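Since the structure comes first, as structure tokens, the remarks are kept for the end.
Residue numbers start at 1 and run along the sequence shown. None of the values given here were measured: they were computed from a predicted structure.
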Amino acid sequence: MDASRPNLFQSLIDELGKPREFSATYSFSKEPGVAKSPDSILISLGIESTLLSSIAKETLDALDAPDIETQTDWLEFKWRLQAFNFLQDIFDAPFLNETDLKTIFHQYYFYFESRQLLSESILCGLNGFYTAALALLRPFLEFSLLQNYFYRITEQTNSYSTIEKYFKTGIVPSWGTVLKNALPKDSFSQTIRFRVHTHLTGLSESVAHPYHPDHSASQHKNPGSSHSLEGIYFWQMTRFAVEAALWLYYTNFPLLFHPVSTLRKFGYRWPVGIFIDERGGAIIKKSLAEDDYQKFATYSLSHNKVLSTLEWVNNLPILSDTEILATWDQEHGDCPGLWNGYAQEMARMRVLRGAMALRNRPQRRSRCAAAIPGRSKVIARMAETGDKRPSKPEAPTLVFISQECRTA
């Protein structure tokens, strides 16, 4: 072993006592209601470019080339990924009676986990691991279903008891129950429910369980090669799966189709979630065919809650630049400017959501520890005594927030 190179296991052990780092990026335009070009898939999925292999970088460059025949589909895919990233901005956090306050933040664990699965799926595909890329789409859709299921149950019962029971027991309702209750029981939602079920069934037959040879990537990929001409379009299946997941959220969060200038209405102290800003609204619109967008927008107006919320926010005054700047929290440092400050606060909120969606794990010896010669005793001692890691895990430490200013 090269003594000059750090030992990977030692580095991982050293990380146990360090605070976790979370980052988020919020991109905005000088024309908030306009979206001309989508973010890169790396920004939308929160993937650092330094983590890409040479094969993945080469693949991404090829797919981003403006002259490929499927450029329209690829751009559509990127819009959908960006829309999926913007969903988190509308997640509300109501305080309900007799609720553990941590549940308010933990309830969106399923969304963030699905986003992680989607990232891993795309990374697998970019590296030529097609079966793994497609197999991850099933849990991605299942987590999306669970997020919408628990959100609807909480809203209907005015209680977090169902999701708190899940976190305590780990028992998930039958998928028939989840699929039935993750969407409203109306004719509009029935089509979406059928589509999601069809995707899940298809993924079960083609990748999630032992599959027919016709579904094997070995049929079109040469041994030892990174890609095949057929396999490099793995993202086409991902594109449809992401659209199905988006339709779940678009049905249950109808205010996504009624963007609000949150900065002009509330300054830097807008309510948590509830609304999507003009930038997010423009991206949501780009993620759908024009006809589909109109259908969702029309459906959204069938909700009395949407109508009453819009009436309330429309009656609020429009704030001037001076009034907006007066709402800045000085604990966050000097305001970097009207719109830069907004981007910073949006990114800060995304960091908080992502970090607080995670639950503290109980201190226990890792299952992997015993399988690592010479390391199991060290890891076990640290887990038992609290060496390097506090005996009571602290709340995640937020150490980095990024924002990006893009001119449309």
Quiz item: Mind checking whether Trp235 and Tyr233 have parallel, tilted or perpendicular rings, split at 30° and 60°?
Solution: tilted
Self-check item: Side-chain donor or acceptor of Ser121 paired with backbone N/O of Leu117 under 3.5 Å
Solution: no
Quiz item: Any Lys/Arg nitrogen of Lys305 or Glu155 sitting under 4.0 Å from an Asp/Glu carboxylate oxygen of the other?
Solution: yes
Quiz item: Taking 4.0 angstrom as the limit, do Lys78 and Asp64 come out as a salt bridge?
Solution: yes
Practice problem: Report the relative orientation of the aromatic rings in Tyr108 and Phe91; use parallel for angles under 30°, tilted for 30 to 60°, perpendicular for over 60°. | Solution: parallel
Exercise. Would you check if there is a donor-acceptor pair between the side chains of Arg195 and His199 at a distance under 3.5 Å?
Key: yes
Quiz item: Is there a donor-acceptor contact under 3.5 Å linking the side chains of Asn340 and Gln344?
Solution: no
Self-check item: Sidechain-backbone polar pair: Thr327 side chain, Gly267 backbone, donor-acceptor under 3.5 Å
Solution: no
Quiz item: Should Arg239 and Asp73 count as an ion pair when the cut-off is N to O under 4.0 Å?
Solution: yes
Practice problem: Check for a donor-acceptor pair, side chain of Tyr268 on one end and backbone N or O of Leu338 on the other, with a separation under 3.5 Å. | Solution: yes
Quiz item: Is there a donor-acceptor pair under 3.5 Å between the side chain of Gln82 and the backbone N or O of Pro38?
Solution: no
Exercise. Measure the spacing between CG of Asp89 and CZ of Arg350 and express it to the nearest 0.5 Å.
Key: 4.0 Å
Exercise. For Asn127 and Ser53, test the side chains for any donor-to-acceptor distance below 3.5 angstrom and give the result as yes or no.
Key: yes
Practice problem: Mark yes or no for whether Lys265, through its side chain, and Leu316, through its backbone, hold a donor-acceptor pair below 3.5 Å. | Solution: yes
Self-check item: NZ/NE/NH1/NH2 to OD/OE distance under 4.0 Å, Arg264 and Asp321
Solution: yes
Practice problem: Kindly check if the number of other-residue, nucleotide or ligand heavy atoms within 6.0 Å of CD (Gln330) is above 12? | Solution: yes
Quiz item: Does a side chain donor of either Ser287 or Tyr250 reach within less than 3.5 Å of an acceptor in the other side chain?
Solution: yes
Self-check item: Polar side chain donor-acceptor pair, Asp14 to Ser11, under 3.5 angstrom
Solution: no
Quiz prompt | CG-CZ distance between Leu118 and Phe143, expressed to the nearest 0.5 angstrom | solution = 13.0 Å
Self-check item: Spacing of CZ belonging to Arg80 relative to CD belonging to Glu243, to within rounding of 0.5 Å
Solution: 3.5 Å
Practice problem: Could you check if a side-chain atom of His258 sits within less than 4.5 angstrom of a side-chain atom of Phe275, using non-hydrogen atoms only? | Solution: no
Quiz item: Can a donor-acceptor pair be found between the side chains of Asp39 and Ser27 at a distance below 3.5 Å?
Solution: yes
Quiz item: Counting only N and O atoms by type, is there a donor-acceptor contact under 3.5 Å from the side chain of Arg353 to the main-chain atoms of Phe105?
Solution: no
Quiz prompt | Under 3.5 Å side-chain donor-acceptor pair for Thr322 and Ser320 | solution = no
Self-check item: Interatomic distance, Phe150 atom CZ to Asn181 atom CG [nearest 0.5 angstrom]
Solution: 11.0 Å
Quiz item: Do Glu120 and Gln116 have side-chain atoms, one donor and one acceptor, less than 3.5 Å apart?
Solution: yes
Exercise. Ignoring hydrogens and angles, tell me if any N or O in the side chain of Asp92 forms a donor-acceptor pair with the backbone of Pro94 under 3.5 Å.
Key: no
Practice problem: Describe, in one word, how the ring planes of Phe86 and Tyr26 are oriented to each other, choosing from parallel (under 30°), tilted (30 to 60°) and perpendicular (over 60°). | Solution: tilted
Quiz item: Between Asp291 and Lys295, is the closest basic N to carboxylate O distance under 4.0 Å?
Solution: yes
Quiz item: Does a donor on one side chain and an acceptor on the other come within less than 3.5 Å for Ser174 and Thr177?
Solution: yes
Quiz item: Looking only at atom types and distance, does a side-chain atom of Ser300 sit under 3.5 Å from a main-chain N or O of Ala297, one as donor and one as acceptor?
Solution: yes
Self-check item: Heavy-atom side-chain proximity of Val260 to Ile274 below 4.5 angstrom
Solution: no
Quiz item: Going by the angle between their ring planes, with limits at 30° and 60°, are Trp328 and His332 parallel, tilted or perpendicular?
Solution: perpendicular
Quiz prompt | Ionic contact status for Glu164 with Lys168, cut-off 4.0 Å | solution = no
